[in-house]
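These notes are about the structure you will find just below.
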Amino acid sequence: MSASGRSVAWAVGRAVVVVAASGVGYWFAVPDHSAEPSRVAALLPARNGTSDLPGKAKDAGAQPVSSAGLASLTAAARAHRDQTALAVAKWQGAAPATAGAPPDGLVDVVFLTPSVATARKVAAEVTTQVTGTATYTGAGLVQAGTFRVAGVPGSTGAVYHTPPAGPTPASIATAVFSVDRVVGFVEVTRTSGSPQADAEAAVRTSAAHLRAVEPGFTLTPTRYPAAATAAWAAGTVVLAAVVGAGPLLRRRRAERREAARLAEQERLIRVGGSTIVRTRRGAGT
């Protein structure tokens, strides 16, 4: 390779190093990586999968983690605030025909945790609450049995009824399931029909949505400010040009100056030689 070719290669190499270093610096300095807890709402399905409570949720969005009252979730939020969140979606049916009875409704809750191991702890804690006796029997309900949702491994649920002699007949079905880092909880209230069937449909719908959305999901999306990105790119181009092409241009200027000096020297020699020849010719005549 000629000297000129080696110089060009060195210039390109220096420019590549500058661009690479600039790219690393850009990643740490310019993009915005701040957490957005409201993004957890994306883990909620748009519809619940039931025929009795169709359409979009009337109320859906992120809620404070503390509102769940789960020790494992609260501990995860303290240690991994940007990876733990809670979202709730609610559907409500028409007013019941029986005076004083609760309206039909469905609640879908998702708990985002920082790891699968933490999700197992949260799921176990929620399961204890919804299949135990304190939460619902304390409100005067009677547990009628438990169930698992077909097609959703690890899911578990329970059905509760108001006492037969109660003034406001209603049934409640609850179910807990998990998909990787996310734990889901569904509660269905019905004054007639089968709340368990609705709960199973809602769990299958929510689990399918999570399987599609959860992989790679994060509360900290990367945003690239346009103005800062453009300024950084322009600065990188200028710096790469200076570092890469600067030495090459300086060398070529030096070569041109040296060539000009040699040309001038050669001219002076020619002029001086001609003067000497003319002088000698004059002296000889």
Side-chain angles (χ1 to χ4, degrees), residues 34-50 56-91 105-132 134-136 146-149 151-158 160 172-189 195 198-221:
S34 57
E36 296 180 10
S38 61
R39 283 175 54 84
V40 71
L43 298 176
L44 292 167
R47 289 174 170 76
N48 58 43
T50 70
K56 294 183 178 181
K58 302 297 183 183
D59 183 16
Q63 299 293 328
V65 169
S66 58
S67 65
L70 300 171
S72 53
L73 190 70
T74 301
R78 282 198 297 265
H80 306 280
R81 182 176 58 86
D82 294 346
Q83 302 175 52
T84 309
L86 162 66
V88 180
K90 299 178 181 179
W91 287 263
L106 186 151
V107 177
D108 190 344
V109 185
V110 290
F111 307 92
L112 174 66
T113 71
S115 67
V116 174
T118 304
R120 292 195 188 101
K121 295 178 183 179
V122 173
E125 192 172 352
V126 176
T127 300
T128 299
Q129 287 190 8
V130 302
T131 60
T135 302
Y136 292 96
T146 60
F147 63 92
R148 297 187 182 279
V149 181
V152 184
S155 60
T156 183
Y160 299 87
I172 294 178
T174 64
V176 182
F177 63 98
S178 60
V179 176
D180 293 333
R181 299 171 296 144
V182 182
V183 177
F185 168 68
V186 168
E187 180 185 271
V188 178
T189 302
D198 285 340
E200 291 180 354
V203 167
R204 283 191 288 268
T205 299
S206 187
H209 177 70
L210 288 174
R211 283 192 287 268
V213 175
E214 187 276 339
F217 178 82
T218 178
L219 296 176
T220 56

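Worth knowing before you read on, the calculation uses all heavy atoms, side chains too, and leaves out hydrogens, waters and symmetry mates. Since the model is a prediction, treat every value here as computed from it, not as a measurement.
- In this structure, the side chain of Thr118 does not engage the main chain of Pro114 through any donor-acceptor pair within 3.5 Å.
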**OP:** For Phe111 and Leu70, run side chain to side chain contact (heavy atoms under 4.5 Å, CB included): C-alpha distance rounded to whole Å, both residues' side-chain angles, the deciding distance at 0.1 Å, then the answer.
**Re:** CA-CA 10 Å; Phe111 307 92; Leu70 300 171; 3.8 Å; yes

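- In this structure, Ser67 contributes its side chain and Gln63 its backbone to no donor-acceptor pair below 3.5 Å.
- Scanning all heavy atoms of the two residues, the minimum distance from Gly49 to Thr205 falls at CA-OG1, 3.3 Å.
- Each of Val122, Val110, Leu210 was checked for a side chain to side chain contact (heavy atoms under 4.5 Å, CB included) with Val183, and the lone residue meeting it is Val122.
- Residue Trp91 forms a side chain to side chain contact (heavy atoms under 4.5 Å, CB included) with just one option from Val188, Asn48, Thr50, and that option is Asn48.
- Side-chain atoms of Ser206 do not come within 3.5 Å of backbone N or O of Ala202 as any donor-acceptor pair.
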**OP:** Go through the steps for Val126 and Val176 under the test side chain to side chain contact (heavy atoms under 4.5 Å, CB included), then give the verdict.
**Re:** CA-CA 7 Å; Val126 176; Val176 182; 3.5 Å; yes

**OP:** I would like to know whether Leu112 and Leu86 meet side chain to side chain contact (heavy atoms under 4.5 Å, CB included); could you show each step before the answer?
**Re:** CA-CA 6 Å; Leu112 174 66; Leu86 162 66; over 6 Å; no

**OP:** Start with the C-alpha gap between Thr174 and Val186, add the side-chain angles, then the distance that decides, and say whether side chain to side chain contact (heavy atoms under 4.5 Å, CB included) holds.
**Re:** CA-CA 6 Å; Thr174 64; Val186 168; over 6 Å; no

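- Each side-chain hydrogen bond (donor to acceptor under 3.5 Å, both in side chains) pair with one or both residues in residues 176-185, not counting sequence neighbours, appears once here: Arg181-Glu214.
- Between the side chain of Arg204 and the backbone N or O of Gly151, no donor-acceptor pair lies under 3.5 Å.
- Looking at His80, its side chain never comes within 3.5 Å of a backbone N or O of Thr113 through a donor-acceptor pair.
- The distance from the CZ atom of Arg120 to the OG1 atom of Thr127 is 13.5 Å, given to the nearest 0.5 Å.
- Every side chain to side chain contact (heavy atoms under 4.5 Å, CB included) that Lys90 has, sequence neighbours left out, goes to Asp59, Val88, Val107.
- Not one N or O on the side chain of Glu187 forms a donor-acceptor pair closer than 3.5 Å with the backbone of Asp108.
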